[in-house]
Amino acid sequence: MLCVSTLTMEVFFTLFLTTLPVFAYSYYDQNARIAGVFYAAMGAGALLGMPVVPVVVRRFGALQVGAAGFVLASIPKLLLGIPLPAIGVAAVLVLQGFVAPLTGAPIFTIITTRTPAAFRTKVLSAAVGLMFLTGPLGPVAAGPLINAVGARMVLVVAAVGYLVGSAPFAIYVARNRSLGHPVALASDAELPEASSSV
């Protein structure tokens with residue numbers, strides 16, 4: 001479920017990032033500097049959101065936070081479908097950046113803690129490669145979609161796609177609340193020879 005969600009969401013996230021500067025230029029006085037402000041707003045939001053991650057992960061567990069973060073990350077994108085002044089878009093993107101750390105960090109925590117120590121390095125390397133496998137599809141689709149329906153509507157498409165992509169993992173976690181979030185695996189202790197050789 002996690003692989004299905006991340007592969008799907010990566011397409012729509014890169015579609016969102018590729019479309020954002022076109023959106024800024026098209027709807028805000030053809031001023032390319034506005035795009036820089038928008039990206040900076042996301043960065044500022046991420047800086048604000050990162051300290052929150054360990055707090056909520058300790059409270060709710062990485063699995064639950066990651067699933068909720070996936071769903072919540074689609075909401076600010078949906079708001080960009082509403083005509084807003086530049087300051088309003090910047091505020092939405094601060095919120096987007098704030099939620100973003102709730103996805104990446106907990107997901108890698110899940111992968112790390114649920115993989116036996118003997119296989120952890122290989123699994124993490126494969127997971128990173130797999131998660132970014134579908135990313136190039138977003139920029140490839142951006143041009144034709146922008147020409148067909150406009151940049152604002154493409155942002156809405158990206159938001160809906162991100163929400164749909166997050167659904168399999170979020171539903172799986174919701175239906176399996178007993179999974180919890182182990183900090184360490186018993187398998188680490190069971191594989192002392194493999195662990196010491198890593």
Side-chain angles (χ1 to χ4, degrees), residues 1-17 42-79 92-135 137-138 157-192 194-195 198:
M1 291 299 117
L2 177 57
C3 286
V4 171
S5 287
T6 52
L7 286 171
T8 304
M9 291 163 63
E10 184 65 19
V11 176
F12 292 104
F13 181 65
T14 55
L15 176 63
F16 169 78
L17 289 181
M42 281 197 294
L47 289 174
L48 294 172
M50 282 189 287
V52 176
V53 175
V55 177
V56 295
V57 167
R58 280 196 297 267
R59 174 66 178 84
F60 300 103
L63 198 64
Q64 287 73 22
V65 171
F70 274 5
V71 175
L72 291 174
S74 64
I75 295 174
K77 297 181 183 71
L78 285 170
L79 295 176
V92 168
L93 291 173
V94 168
L95 179 60
Q96 175 68 53
F98 183 85
V99 175
L102 297 177
T103 60
I107 292 308
F108 279 101
T109 299
I110 293 165
I111 295 171
T112 301
T113 57
R114 291 178 180 271
T115 303
F119 308 110
R120 194 166 291 154
T121 303
K122 293 180 180 179
V123 169
L124 282 171
S125 299
V128 171
L130 184 63
M131 286 179 181
F132 294 108
L133 183 65
T134 54
L137 297 177
V157 170
V160 173
Y162 201 91
L163 181 60
V164 171
S166 69
F169 181 58
I171 292 171
Y172 174 78
V173 172
R175 289 181 174 177
N176 296 273
R177 295 180 181 275
S178 61
L179 287 173
H181 174 62
V183 175
L185 288 175
S187 54
D188 290 353
E190 294 167 3
L191 298 170
S195 300
V198 175

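Fair warning: this is a prediction, and the values are worked out from it, not measured in the lab. One-based numbering along the sequence shown.
Without hydrogens or angle criteria, T134 side chain to E10 main chain gives no donor-acceptor distance under 3.5 Å. Side-chain N or O atoms of T115 include none that pairs as donor or acceptor with a backbone N or O of T112 at under 3.5 Å.
Of all heavy-atom pairs spanning P101 and P106, the tightest one is O-CD, 3.3 Å. Closest non-hydrogen pair, V99 versus G69, comes out as CG1-O, 3.8 Å. Of all heavy-atom pairs between L95 and P76, the closest is CG-CG, 3.8 Å. When all heavy atoms of M50 and P54 are compared, the closest pair comes out as O-CD, 3.4 Å.
One finds the OG1 atom of T103 at 8.0 Å from the CZ atom of F13 (value rounded to the nearest 0.5 Å). Here F16 contributes atom CZ and Q96 contributes atom CD; the two are 5.0 Å apart, rounded to the nearest 0.5 Å.
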For a quick test of your reading: what N or O donor-acceptor pairs under 3.5 Å do the side chains of residues 161-170 make, sequence neighbours left out?
unit_1: S166; atom_1: OG; unit_2: L163; atom_2: O; d: 2.7

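Contact annotation: the side chain of T14 never approaches that of L137 to less than 4.5 Å [non-hydrogen atoms, C-beta and beyond].
Put simply, the residue from V173, L72, V52, V56 that forms a side chain to side chain contact (heavy atoms under 4.5 Å, CB included) with V65 is V56.
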